[in-house]
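Throughout, a chain's letter reflects where its sequence line sits, starting with A, and its residues are numbered from 1. Because the structure is a prediction, the values reported are computed rather than measured.
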There are 2 protein chains.
Amino acid sequence: MDLPVVNGSISGLPVYFGRKGWPVDQEIPLSWDNDCPRGKGAYAPTGSGGPDEGSLETVAEVTLKDVALASGCSIATVSRVLTGTRPVGAETARTVRAAAERLGYRPNEVARALRSRTTGTVGLVLPQITNPFFPSLVRELEHALHAEGRAVLLADCDDDPAIEAARIATFLGRRVDALLLIPVDERRSREAVAAAAARVPLVLLDRGCGTGVADSVAVDNAAGMALVLEHLAATGRRRPCFVGAAGTASAAVERRAAYEAGAAALDPAAPGRVALGDFSVAWGRAAADRVWPSRPDALICANDLIAAGALQRLRQLGADVPGEIAVTGFDDIPLAGLADPALTTVRQPVGELAAEAARLLSRRPSDGEPGPRHTVRLAPQLVVRGSSVPDDVVAGV
Amino acid sequence: MDLPVVNGSISGLPVYFGRKGWPVDQEIPLSWDNDCPRGKGAYAPTGSGGPDEGSLETVAEVTLKDVALASGCSIATVSRVLTGTRPVGAETARTVRAAAERLGYRPNEVARALRSRTTGTVGLVLPQITNPFFPSLVRELEHALHAEGRAVLLADCDDDPAIEAARIATFLGRRVDALLLIPVDERRSREAVAAAAARVPLVLLDRGCGTGVADSVAVDNAAGMALVLEHLAATGRRRPCFVGAAGTASAAVERRAAYEAGAAALDPAAPGRVALGDFSVAWGRAAADRVWPSRPDALICANDLIAAGALQRLRQLGADVPGEIAVTGFDDIPLAGLADPALTTVRQPVGELAAEAARLLSRRPSDGEPGPRHTVRLAPQLVVRGSSVPDDVVAGV
DNA sequence: GCAGCATGGGAAAACGTTCTCCGGAAACTT
DNA sequence: AAGTTTCCGGAGAACGTTTTCCCATGCTGC
């Protein structure tokens, strides 16, 4: 059984046939040689011809042409068999599949992309992968996209709109089918985002970027903040104070606005008690210093990082959390459960966020523009932990 | 000045010319029209011809052919001008560049990849992006690779070797130029990794995967553990205990071995005091419960997650950290600085890790196999914080 | 005056697919 | 039995680059 000089299927790596795979009728072909032209070595893969012709190690890629030659039919037929684009005679199909498997054929996605004008890749552009809220989002997105056969090109912008624009441009040059984007800045990202949205389907994630620029999916920040306020009211807090982030980022604005809208129910003076910095642990610490002297009984932080910083400093200041003061966060990053006391926070529905983004992507018809923009808001969930309620109560419920 | 019906340069997106860019002699061409064939609308981009011919919104991609037509020279010449592969007359070059810019030409990277047999992409495959050590590594890798003009395809394996193999296969199908891989498992990842390494340059990161399989770069775990033990010895600890991870992952094995090798210097019985679970916070908590009754004076954890869990539980058990017992971690994830007390740990040189990986990738000559495998070990750094030494001492130094 | 040689430019062949024609044969209609 | 449809398969044109030839031209050195 002398096989021609080509590489067999790579061990451990499942061979990929066509984009839809076959119905699993496999049936191992017992009669390989019936159609194989001239048994011994008359066939060699295309690319060869260099000096090290017979080398078993370094072997040119197996192409459709090779499979066609080996199975004695045309390139077109092989393509049809493997992609299932058109019905092919049962006998021929078997021969072709056998040849493909024997040679270890793996389609060249680049050629496929060029011809079919779709690369099967999605660009994922985000401000800072080190922001602890993003990894879980990236994970869900990656899974959702790979599940539909698309690959993810990743870009980290280092929180710089200029880098962001450059990465977007790079991805467009690479002909991504779509872009998933968490904009760095509501305002300064806008131009690049709008330009990109005109060329490929683009979904904004987590943060907005002006209105009408692109589809977007995010958590309902107002609803989340309302959950927090409701919880604090129910547990008897009456002097809340908001520690948020300045700037125009949509999360910052929406959460602040929702606080101001809802806090009056606890205390008419509450909406005015607001301290603004950025979304960082350091600001959380600083805010605690600034705010603690006025003895609020609840610190509503715009995200978990701020809350973690505040929590840390409050403890150092000798405050009793949650006895004297409750602290709440937003996002439910992994850190939240580890803080001491564990942080009451608003959990973003990360999985649904990702699923919805993927759904929006595939709905939009590949060329830019047409159709109105969709904005999806997903309901968050309140996670009550020890920072707002004594531990025994948490456990008791 | 009636321009032909094509899209101008996309606002906000810098136009990309050739892979090396030009020497910046730019000099804005004042005489555009001198070579442009027949001024008014005689020219239209290739793809058009459909019903909505004159639509300004939806426009076919501008190709080399379009630029060639517009600038009155051949495709070959345009290509040469824009990529700089061969010298071209100054006059012609100017005309071509002007036309390219005017039409908003952007090279099709897919076609380029097909022809030149190199995609400029690198696959990054990792076990779990949600592992808090990885985001900063991913960030550095992304920056290092984008800096040399390569794009990053990301895959998250959900800690499953089967998914890992599938992702690797997908990436190979997409013809990545190279693979960067943090293997899920020392043993079960091996087959797929070895097969992939035979086809493209592959660098193992952070964790090993059997010997001689591929290039690899990681922190020097032994050196890191030695730093910790040295520090603990210097601060008078004499009854250390190691909380590590079972299994064959190289980080787990190496750190454990290093502890066992070095702990005897503190206490002849120390090397035996070892508790093994996994790399999780939950295990850290459980380990604290199990180990505290025997009153060690130092808990050396195999990573920061374990340490964070142990720290939390020790505090709940009423232990005085660092008074009665010191706790140390490994990796210096962001969480480490936020724990209370802040965690003494070993910082991995993430930036250098990434740089070294990128360097190894570009050194290996693109086809698999040849040349011996390189293994790079980078020196870690001890970060002393409050969990091993009283805060005033830390601040004092 | 002519071989030799840079120099600048074009035609056309790849790269590996997909997909549109087209033709022949077999299977149905009337 | 002739027309019509269906089925199967092949040739070959794209897709948008890069690159290899090849041909002009003008210049140098003899």
Side-chain angles (χ1 to χ4, degrees), chain A residues 16-20 35 45-49 60-69 71-96 100 103 105-120 172-175 177, chain B residues 16-20 35 45-49 60-69 71-96 100 103 105-120 172-175 177:
Chain A
Y16 172 53
F17 290 106
R19 45 174 63 131
K20 308 170 186 165
D35 256 330
T46 41
S48 68
E61 288 294 338
V62 178
T63 73
L64 271 191
K65 186 170 162 194
D66 298 322
V67 178
L69 245 51
S71 63
C73 58
S74 77
I75 295 183
T77 303
V78 176
S79 170
R80 289 198 269 255
V81 169
L82 298 186
T83 59
T85 18
R86 244 186 53 181
V88 168
E91 182 72 9
T92 322
R94 222 166 330 177
T95 323
V96 167
L103 302 188
Y105 170 73
R106 304 169 51 82
N108 182 325
E109 294 295 340
V110 174
R112 199 172 248 184
L114 177 61
R115 172 61 224 223
S116 55
R117 318 184 66 81
T118 147
T119 55
L172 288 180
R174 292 189 179 277
R175 299 303 192 268
D177 290 344
Chain B
Y16 171 61
F17 291 106
R19 46 176 60 134
K20 307 168 190 169
D35 257 331
T46 40
S48 67
E61 288 296 338
V62 177
T63 74
L64 270 191
K65 187 169 160 197
D66 298 322
V67 178
L69 247 51
S71 63
C73 59
S74 77
I75 294 183
T77 302
V78 176
S79 171
R80 289 197 269 254
V81 170
L82 298 186
T83 59
T85 11
R86 245 188 50 183
V88 169
E91 182 73 8
T92 322
R94 222 167 330 177
T95 323
V96 167
L103 303 188
Y105 171 73
R106 304 168 52 80
N108 183 326
E109 294 295 338
V110 174
R112 197 173 250 184
L114 177 61
R115 171 62 222 226
S116 55
R117 317 183 68 80
T118 146
T119 55
L172 289 180
R174 291 190 180 277
R175 299 301 190 271
D177 291 343

query: Rounded to the nearest 0.5 Å, how far does OG of B:Ser116 lie from CD of B:Glu109?
result: 8.5 Å
field: Between C1' of D:dC15 and CD of B:Glu109, the distance in whole Å
entry: 15 Å
Check ion pair A:Glu61-A:Arg106 (N to O, under 4.0 angstrom): no
message: At less than 4.0 Å, is any side-chain N or O atom of B:Arg117 found next to OP1 or OP2 of C:dC15? Yes or no.
response: no
- request: Rounded to the nearest angstrom, tell me the gap between atom NZ in B:Lys65 and atom C1' in D:dC15.
  value: 11 Å
- request: Nearest whole angstrom, please: distance from the C1' of D:dT17 to the CZ of A:Arg174.
  value: 14 Å
- request: Please report, rounded to the nearest Å, how far the P atom of C:dG9 is from the CZ atom of B:Arg94.
  value: 12 Å
message: Would you say that B:Leu82 contacts B:Tyr105 through its side chain, given a criterion of any heavy-atom pair below 4.5 Å between the two side chains?
response: yes
query: Hey, is the side chain of A:Ser79 poking within less than 4.0 Å of OP1 or OP2 on C:dT17, counting only N and O atoms?
result: no
Atom pair distance, as rounded to whole Å: CG in A:Leu64 and C1' in D:dG10: 14 Å
task: Would you indicate, yes or no, if D:dA14 has its OP1 or OP2 atom less than 4.0 angstrom from a side-chain nitrogen or oxygen of A:Arg115?
output: no
message: Heavy-atom nearest nucleotide on DNA chain C for B:Ala76 versus A:Ile75: which residue maps closer to 5'?
response: B:Ala76
message: Quick check against the 3.5 Å criterion: does B:Arg174 have a side-chain atom that pairs as donor or acceptor with the backbone of A:Gly120?
response: yes
- prompt: Distance check: side-chain N/O of B:Thr92 vs OP1/OP2 of C:dG9, anything under 4.0 Å?
  reply: yes
message: Rounding to an integer number of Å, can you tell me how far A:Arg106 CZ sits from C:dT17 C1'?
response: 16 Å
Test side chain to side chain contact (heavy atoms under 4.5 Å, CB included) applied to B:Val78 and B:Ser71, step by step: CA-CA 9 Å; B:Val78 176; B:Ser71 63; 4.1 Å; yes
statement: On a heavy-atom basis, the closest approach of A:Val96 and A:Val67 is O-CG1, 4.0 Å
query: When you measure from the side chain of B:Pro87, which nucleotide among C:dG8, D:dT17, D:dG10 comes out closest?
result: C:dG8
query: In terms of side-chain heavy atoms of A:Thr63, which of D:dC15, D:dG10, C:dT17 is nearest?
result: C:dT17
- request: Taking all non-hydrogen atoms of both residues into account, name the closest pair between A:Ala113 and B:Val110 and its distance.
  value: CB-CG1, 3.8 Å
- request: Using whole Å, report how far CG of A:Leu69 lies from C1' of C:dG16.
  value: 14 Å
message: Angle between the end axes of the helix from C:dG1-D:dC30 to C:dT30-D:dA1, five pairs per end, to the nearest 10 degrees?
response: 40°
- prompt: Any side-chain heavy-atom pair from A:Thr95 and A:Cys73 closer than 4.5 angstrom?
  reply: no
- prompt: Nearest to the side chain of A:Arg80, which nucleotide is it out of C:dT18, D:dT19, C:dT20?
  reply: C:dT20
- request: Indicate whether OP1 or OP2 belonging to D:dG10 is found under 4.0 Å from a side-chain N or O atom of A:Ser74.
  value: yes
query: When you match A:Thr77 and B:Val88 each to their closest nucleotide on DNA chain C, which lands nearer the 5' end?
result: B:Val88
field: Spacing between B:Glu91 atom CD and C:dG8 atom P, to the nearest angstrom
entry: 13 Å
message: So for B:Arg86 and C:dG9, does any side-chain atom that can act as donor or acceptor lie under 3.5 Å from a complementary atom in the base?
response: yes
